[in-house]
Number of protein chains: 2
Amino acid sequence: MANIRDIAKMANVSVTTVSRVLNNHPYVSEEKREAVLQVIKEQNYQQNIHAVHLSRGKSNLVGVVVPFAKHPYFGLLLEGIANEAIEHDYHLVLIQTNYDEKKEQEALEMLKYKQIDALIICSRISAWKVVEEYASFGDIIVCENASDRKKVQSVYVDHYEGFYQALQYLYEKGHQRIGYCIGRQSGSNSYFRAKAYQDFLHEKQLPFDESFVFYENYYLEDGQKVVNQLSYLDLPPTSLLVTSDVVAAGILTACQDKGIHVPENLAIVGFDNQPIAKMMKITTFEIPIVEMGRKLFSQVKKESPIKHKELDITLVERETV
Amino acid sequence: MANIRDIAKMANVSVTTVSRVLNNHPYVSEEKREAVLQVIKEQNYQQNIHAVHLSRGKSNLVGVVVPFAKHPYFGLLLEGIANEAIEHDYHLVLIQTNYDEKKEQEALEMLKYKQIDALIICSRISAWKVVEEYASFGDIIVCENASDRKKVQSVYVDHYEGFYQALQYLYEKGHQRIGYCIGRQSGSNSYFRAKAYQDFLHEKQLPFDESFVFYENYYLEDGQKVVNQLSYLDLPPTSLLVTSDVVAAGILTACQDKGIHVPENLAIVGFDNQPIAKMMKITTFEIPIVEMGRKLFSQVKKESPIKHKELDITLVERETV
DNA sequence: GTTGGTTGAGAAACGCGTTCCAGTGCAAGT
DNA sequence: ACTTGCACTGGAACGCGTTTCTCAACCAAC
């Protein structure tokens with residue numbers, strides 16, 4: 001296959017001119033431009049993309065770190081990121097970590113040796129210190145409140161505030177025994193929610209019962225597990241905050257099977273406002289996930305000094321409270 | 001940052017030797033190997049990945065074409081592909097097409113100019129003729145029955161057979177008016193299912209009613225739409241084959257809202273056996289999606305002559321028939 | 001002592017596009 | 001008439017690792 005030098009020769013111009021035609025640089029006369037274009041067409045010439053990357057020192061590739069591609073939350077996020085990437089002529093390198101820190105590390109390494117120009121971390125595992133070491137190699141954008149971090153950018157929802165609001169909402173509906181279900185126990189979003197929970201209990205002078213907190217809930221199936229655990233409690237919570245609508249849906253279904261009436265026996269508040277929440281009429285706090293995905297990508301290579309962007313959560317009242 | 005030549009100088013060896021150390025080639029004495037390793041460590045040296053790609057003419061990147069990342073079917077497929085890719089030290093470039101043929105074309109172009117070494121097309125749009133033109137540039141693997149195609153590889157389930165079996169199953173349960181819901185109207189999987197449907201009607205001497213076929217059903221929300229349309233029919237089907245469990249779940253929920261009893265008034269058979277099918281006790285034909293994803297990736301760069309691989313579908317009887 | 005295989009190592013070629021810099025030619029401005 | 005300065009062109013340097021050739025050294029077998 002012909003390379004740029006061959007094309008230059010055949011078109012009787014310099015390599016530089018061919019490059020300029022290729023990249024739509026100005027300062028090429030119309031005749032030469034057409035001559036070059038003609039030869040390119042004849043030869044069915046293609047730039048060697050690796051040479052372009054080597055030369056430019058960048059690749060128009062952005063890494064996206066997700067724990068699982070199959071989880072609807074990350075599916076939605078990916079959708080938003082992908083759609084925005086298309087519009088900016090970037091491609092996405094998908095890095096699925098399964099919450100394995102090594103995989104995240106690898107992604108950071110890819111940033112270091114410039115296989116990717118930027119990295120979007122949808123759910124972080126490594127410590128801030130580690131992540132920030134890599135910030136000098138390219139933009140790092142996280143999907144969590146990192147407004148106090150100088151080196152990375154972020155797009156997020158205020159989970160502290162959201163959780164607090166949700167607790168307040170249930171409290172006003174008369175609930176005093178409020179539990180919650182969450183995904184992983186560590187992680188910054190979980191931290192903020194736990195904090196909001198503790199602060200709320202403290203403010204309302206409510207006791208903390210550790211059996212009211214359920215960890216490792218990600219999927220529909222996990223709802224069943226929660227309802228099971230609930231049945232072992234002497235004094236179960238009267239309401240549950242569930243940090244993913246799919247889990248909330250699982251809980252709701254399990255309740256229906258067990259004859260637990262929702263919301264009479266158990267009130268449920270979901271998060272995300274995913275399609276399933278609408279379908280099953282789950283009261284939920286809407287998180288604009290797809291939009292968040294788009295915004296996450298928009299942070300890539302942006303000049304603007306706004307490094308941190310917060311999106312709003314809104315309550316969607318339906319029938320589970 | 002130091003390059004391979006700098007390292008060579010510092011270690012008092014040739015560039016070749018450094019390269020050999022880097023790539024674990026034989027013919028490097030232990031002393032030199034260690035000297036090189038030492039310098040590499042000291043200098044915190046990193047290969048320039050673009051130079052490696054340029055030199056090798058490949059990138060260890062595999063493209064994955066999906067219409068939407070947010071659809072659970074593709075989420076599951078992606079999960080399988082991603083997990084297999086990790087094990088083979090490949091990375092994935094996600095190309096979301098939104099069923100826009102241009103995007104798919106772009107993906108094929110990426111294969112042509114070798115930005116990616118292989119391409120997995122999870123749902124094809126372009127004509128075979130177009131796709132096959134690109135087969136010479138790298139492996140192309142599709143997720144549909146392409147057993148009669150020489151140039152591409154495939155991993156698939158027999159949708160003709162699956163659909164036929166499902167129809168047979170409903171027929172044996174006493175249903176004569178069987179409708180079906182499907183995603184896009186074109187597409188090879190849809191073609192095989194439509195064919196199975198026609199063949200079945202013909203065999204059983206049943207009339208074809210075009211109002212029994214519902215197109216463009218992808219998500220939970222679409223189930224509502226189907227049930228609405230159903231209510232306008234004078235003589236609606238007594239049973240429905242639904243090519244995605246999420247849509248089946250949507251239909252089931254909409255039926256519950258409308259007081260349509262399932263399975264008495266309407267029997268529903270889903271496909272995929274996704275978590276939601278289990279949760280909502282939907283009778284469904286299981287498609288091993290995650291495994292299919294893994295197998296799709298396994299076809300990449302495989303020596304074996306097995307270019308086409310069929311996976312089995314199995315009936316999971318639950319409560320919607 | 002000669003032939004031959006094996007191991008170790010380096011020079012040079014190869015893959016290829018971008019960009020800096022120098023320079024020419026022509027037109028507008030003073 | 002003379003200076004600016006813009007439009008256009010191309011040579012050469014740069015980014016960097018892999019791989020092929022070639023050759024030397026060394027040991028073993030004949």
Side-chain angles (χ1 to χ4, degrees), chain A residues 1-40 43-61 89 109-110 112-117 137-138, chain B residues 1-40 43-61 89 109-110 112-117 137-138:
Chain A
M1 203 178 226
N3 64 29
I4 198 172
R5 274 165 245 270
D6 300 329
I7 302 296
K9 255 177 233 157
M10 291 187 236
N12 281 317
V13 296
S14 73
V15 173
T16 313
T17 301
V18 178
S19 177
R20 281 202 266 256
V21 171
L22 253 19
N23 296 288
N24 283 319
H25 278 302
Y27 301 159
V28 181
S29 64
E30 202 46 45
E31 318 152 53
K32 299 222 174 187
R33 159 165 277 116
E34 274 175 19
V36 170
L37 254 19
Q38 177 65 26
V39 175
I40 286 178
Q43 296 293 313
N44 194 20
Y45 166 74
Q46 262 297 350
Q47 282 160 289
N48 180 318
I49 201 80
H50 299 313
V52 176
H53 292 337
L54 171 61
S55 191
R56 286 211 243 257
K58 56 170 284 191
S59 59
N60 267 43
L61 242 35
D89 274 320
E109 284 291 319
M110 287 173 76
K112 181 174 174 188
Y113 55 70
K114 304 209 177 302
Q115 167 139 220
I116 51 180
D117 298 342
F137 303 114
Chain B
M1 202 178 227
N3 64 29
I4 198 171
R5 273 165 245 272
D6 301 330
I7 302 295
K9 254 178 234 160
M10 290 188 237
N12 280 316
V13 297
S14 74
V15 174
T16 316
T17 303
V18 179
S19 176
R20 282 204 265 254
V21 172
L22 254 19
N23 295 288
N24 284 320
H25 279 301
Y27 302 156
V28 182
S29 65
E30 202 46 45
E31 318 153 53
K32 299 222 175 188
R33 159 166 277 117
E34 274 176 19
V36 170
L37 252 19
Q38 178 65 26
V39 175
I40 285 178
Q43 296 294 314
N44 195 19
Y45 166 75
Q46 262 297 351
Q47 282 161 289
N48 180 318
I49 199 80
H50 299 313
V52 176
H53 292 338
L54 170 61
S55 193
R56 286 212 240 259
K58 57 169 284 189
S59 59
N60 268 46
L61 243 34
D89 273 320
E109 285 291 318
M110 286 172 77
K112 181 173 174 189
Y113 55 70
K114 304 210 177 300
Q115 166 138 222
I116 50 180
D117 298 342
F137 303 113

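Chain letters run A, B, ... following the sequence lines, proteins first and then strands; every chain starts at 1. On a predicted model such as this, the values are computed, not experimentally measured, just so you know.
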Q.
If I take atom CZ in residue B/Arg56 and atom C1' in nucleotide C/dC16, what distance separates them, rounded to the nearest angstrom?
A. 17 Å

**Q.** Check: B/Arg5 side chain, D/dG17 base, donor-acceptor under 3.5 Å
**A.** yes

(Q) Under 4.0 Å, heavy atoms only, any strand: does A/Tyr113 hit a base, just the sugar-phosphate, or nothing? (A) nothing

(Q) For the CD atom of B/Gln46 and the NZ atom of A/Lys114, what is their distance to the nearest 0.5 Å? (A) 10.5 Å

**Q.** Listed nucleotide nearest any side-chain atom of A/Tyr27, set C/dT19, D/dG15, D/dA7
**A.** D/dA7

Q: For B/Asn48 and C/dG15, give me the distance from atom CG to atom P, rounded to whole Å.
A: 19 Å

(Q) I'd like to know if B/Thr17 reaches the base of C/dG8 with its side chain such that a donor and an acceptor end up less than 3.5 angstrom apart. (A) no

Q) In whole Å, what is the span from the NE2 atom of A/His53 to the C1' atom of D/dG17? A) 16 Å

**Q.** Rounded distance (nearest 0.5 Å) linking atom OG of B/Ser59 with atom CD1 of B/Ile116
**A.** 8.0 Å

(Q) Using whole Å, what does the distance between atom P of nucleotide C/dT7 and atom NE2 of B/His25 come to? (A) 16 Å

Q.
Taking any heavy-atom pair under 4.0 Å as a contact, classify A/Val15: base, sugar-phosphate, or nothing.
A. base

Q.
For B/Arg20 and A/Leu54, find the nucleotide of DNA chain C closest to each by heavy atoms; which residue's nucleotide sits nearer the 5' end?
A. B/Arg20

Q: Go through D/dT18, C/dT18, C/dA9 for me and flag the one nearest to the B/Ser55 side chain.
A: D/dT18

Q | Selected nucleotide, minimal atom distance to A/Thr16 side chain, candidates C/dA9, D/dG10, D/dG17 | A | D/dG10

(Q) By nearest atom, which of the nucleotides D/dC16, C/dT18, C/dA9 is closest to the B/Lys32 side chain? (A) C/dA9

Q: With A/Ser19 as reference, evaluate A/Thr16, A/Asn23, A/Val21, A/Thr17 under the side-chain contact (heavy atoms from CB on, under 4.5 Å) test and give the passing residue.
A: A/Asn23

**Q.** Gap between atoms NZ and C1', on B/Lys9 and D/dC16 respectively (whole Å)
**A.** 13 Å

Q: Under 4.0 Å between any heavy atoms, over every strand shown, what does B/Ser29 touch: base, sugar-phosphate, or nothing? Just pick one.
A: sugar-phosphate

**Q.** N or O in side chain of A/Asn23 less than 4.0 angstrom from C/dT18 OP1/OP2
**A.** yes

Q: Using whole Å, report how far CD of B/Gln46 lies from P of D/dG15.
A: 18 Å

Q.
If you only use heavy atoms from C-beta on, which nucleotide in C/dG17, D/dG10, D/dT18 is closest to the side chain of A/Val13?
A. D/dG10

Q | A/Leu22 side, atom CG; A/Leu37 side, atom CG - distance, nearest 0.5 Å | A | 9.0 Å

Q.
If I compare all heavy atoms of A/Gln43 with all of A/Ala2, which pair ends up nearest, and what's the gap?
A. OE1-CB, 4.3 Å

Q: Report the nucleotide, chosen from D/dG17, D/dT19, C/dA9, that has the shortest atom-to-atom distance to any side-chain atom of B/Val52.
A: D/dG17

Q) Starting at CG of A/Leu22 and ending at C1' of D/dT9, how long is that distance when rounded to a whole Å? A) 16 Å

Q.
A quick test of your reading: do over 12 heavy atoms of other residues, nucleotides or ligands sit less than 6.0 Å from CD of A/Glu30?
A. yes

Q.
If you compare every side-chain N and O of A/Ser19 against the phosphate oxygens of C/dT18 (OP1, OP2), does one of them come in below 4.0 Å?
A. yes

Q) Given atom CD of B/Gln43 and atom P of D/dC16, what is their separation to the nearest angstrom? A) 14 Å

